[in-house]
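Residue numbers start at 1 and run along the sequence shown. Counting starts at 1 for both ligands and their atoms, following the listed order.
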Amino acid sequence: MARVAFIGLGVMGYPMAGHLKTKGGHDVSVYNRTFAKAEAWVEQFGGAAFRLPVEAVRDADFVFTCVGNDDDLRSVTLGESGCIGGMKPGAILIDNTTASAEVARELEEACAARGLGFVDAPVSGGQAGAENGVLTVMCGGDEAAFERAKPVISSYARMVGLMGPAGAGQLTKMVNQICIAGVVQGLAEGIHFGKRAGLDIEKVIEVISKGAAGSWQMENRYKTMNEGRYDFGFAIDWMRKDLGIVLSEARRNGAKLPVTALVDQFYGDVQTMGGNRWDTSSLLARLEK
Ligand SMILES: NC(=O)c1ccc[n+]([C@@H]2O[C@H](COP(=O)([O-])OP(=O)(O)OC[C@H]3O[C@@H](n4cnc5c(N)ncnc54)[C@H](OP(=O)(O)O)[C@@H]3O)[C@@H](O)[C@H]2O)c1
């Protein structure tokens, strides 16, 4: 059992912190910008809620962050009342936010300067994966910090891998998002075409999902896409944030991502349709407009 602090109790962080307590058996302190959420968490799981990140982390061996983007992350870690200033020597900061590789390296440096460990640890598996404690976690950092953090991270994960030095977890998550973007657009076009051709989409998917066209997106999203339901899942605003990070990293490393760049524009179209919070599978709504 370890002393753990969790910062950012959103759609993902709330259940992840819950698993650290219930599955991991750790002693968990929480911070959330909107304090009512931290109070609700403590009511459900026990532990202690704090009003500032710097206060929540004082005794912690492991500090988790799961906020929106690079700026949010800088604010809860390096800001005036950020957690790094309050962590005890030898503690490890584990960041679950999907952010840039650059900010991961920045945080590792800030942690090292204070005798702290750092692991960037973005996740895949969505809200359901967080709620069921079966996320995939892609880590970057030095091996010693990773080996200490891995059993704690495993409280909410099915797969935890070290991909390389700080930032390598975020770079791996970028690969993940590149793969998803193309697959979802392909699936949207397939369903769109099938409908126009007068086919029974249920029957089509039942058959082709067992062949080479099968994918996680097909299995988990075809039904709701066929019904035109998008008010759940991984929000387009988040996906565009992720693709923005991907495309700027690609400009740096010279990778050519024509399909990813196009799909990013398509998501922009869905945002103009009012779909900011719709699931990423709503690319189909754009074709049916
Ligand atoms: N949702 C998914 O399916 C999914 C899947 C994989 C990865 N992710 C990634 O995981 C991260 C969190 O996603 P989520 O779905 O949990 O988001 P969310 O529900 O919007 O939660 C965001 C959390 O960050 C906090 N926050 C944001 N900006 C802050 C700031 N400047 N200072 C302090 N706290 C701040 C929010 O506090 P308040 O409660 O006060 O707003 C909230 O606790 C994102 O990077 C996202 O891309 C999400």
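- In this structure, Ser124 falls outside the shell of residues with a heavy atom less than 4.0 angstrom from ligand 1.
- Inclusion of Val123 in the set of residues having an N or O under 3.5 Å from an N or O of ligand 1 is not warranted.
- For the atom pair CZ (Arg74) and CG (Asn69), the distance works out to 9.0 Å, reported to the nearest 0.5 Å.
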(request) Let me see the working for Met12 and Leu135 under side-chain contact (heavy atoms from CB on, under 4.5 Å), right down to the final yes or no. (result) CA-CA 10 Å; Met12 301 297 283; Leu135 291 168; 3.9 Å; yes
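- Summarising the contacts of atom 18 (P) of ligand 1 with Val11, Asp72, Ile7, the nearest heavy atom is found in Val11.
- Of the protein's heavy atoms, Met12 CG, 3.6 Å lies nearest to atom 48 (C) of ligand 1.
- The protein atom (non-hydrogen) at minimum distance from atom 41 (O) of ligand 1 is Arg33 NH2, 2.9 Å.
- The six-membered or imidazole ring of Phe64 lies near that of Phe6, with a centre-to-centre distance under 6.0 Å.
- Residue Val76 has at least one heavy-atom neighbour below 4.0 Å for each of these atoms of ligand 1: 32 (N), 33 (C).
- Between Thr34 and ligand 1, at least one N/O pair is under 3.5 Å apart.
- For a threshold of 3.5 Å applied to N or O pairs, the pair formed by Thr98 and ligand 1 contains at least one separation below that value.
- Under the rule for a salt bridge (charged side-chain N to carboxylate O under 4.0 Å, His left out), the partners of Glu288 that lie at least two apart in sequence or sit in another chain are Lys195.
- With respect to Glu102 and Arg105, no salt bridge is recorded, no charged nitrogen being found less than 4.0 Å from a carboxylate O.
- Using modelled atom types, one finds no donor on one side chain facing an acceptor on the other under 3.5 Å when comparing Asn32 with Tyr14.
- Not a single N or O atom of Gly8, backbone or side chain, sits closer than 3.5 Å to an N or O atom of ligand 1.
- Per-residue contacts place Cys66 under 4.0 angstrom from the following atoms of ligand 1 (heavy atoms of the residue considered): 10 (O), 11 (C), 12 (C), 23 (C), 24 (O).
- Counting protein heavy atoms only, atom 11 (C) of ligand 1 is closest to Val67 O, 3.2 Å.
- Looking at heavy atoms from C-beta onward, Asp95 lies in side-chain contact with Leu73 at the 4.5 angstrom threshold.
- At under 3.5 Å, a nitrogen or oxygen of Gly68, whether backbone or side chain, sits near a nitrogen or oxygen of ligand 1.
- Between the CD1 atom in Ile201 and the CG atom in Leu199 there is a gap of 6.0 Å [rounded to 0.5 Å].
- For Glu131, the salt bridge (charged side-chain N to carboxylate O under 4.0 Å, His left out) test picks out no residue, with sequence neighbours left out.
- Polar contact with ligand 1: absent for Asn69 (N/O pair, distance under 3.5 Å).
- Remark: Gln127 CD to Asn132 CG distance equals 10.0 Å, nearest 0.5 Å.
- Given atom 22 (C) of ligand 1, the protein heavy atom at minimum distance is Gly10 CA, 4.3 Å.
- Among all protein heavy atoms, the one lying closest to atom 20 (O) of ligand 1 is Trp238 CZ2, 3.4 Å.
- Near Gln127, meaning under 4.0 Å from any of its heavy atoms, are these atoms of ligand 1: 3 (O).
- Rounding to the nearest 0.5 Å places OH of Tyr156 at 3.5 Å from CG of Asn96.
- Considering backbone and side-chain atoms alike, Gly126 places every N or O at 3.5 Å or more from each N or O of ligand 1.
- Annotation: Lys241 places an N or O atom under 3.5 Å from an N or O atom of ligand 1; distance criterion only.
- Between Asp269 and Arg286, at least one side-chain nitrogen of the basic residue sits less than 4.0 Å from a carboxylate oxygen of the acidic one, meeting the salt-bridge criterion.
- Here Lys173 has side-chain heavy atoms under 4.0 Å from ligand 1, and that is the only part of it that gets that close.
- Cation-pi geometry between Arg51 and Tyr31 is not met: the NZ or CZ atom fails to fall both under 6.0 Å from the ring centre and inside 45° of the normal.
- Contacts between Asp71 and ligand 1 below 4.0 angstrom, taking non-hydrogen atoms only, are absent altogether.
- Residue contacts with ligand 1: Lys37 is placed with a nitrogen or oxygen under 3.5 Å of a nitrogen or oxygen of the ligand (distance criterion only).
- Under a 4.0 Å criterion applied to the non-hydrogen atoms of Asn32, ligand 1 contributes the atoms 37 (O), 38 (P), 39 (O), 40 (O), 42 (C), 43 (O).
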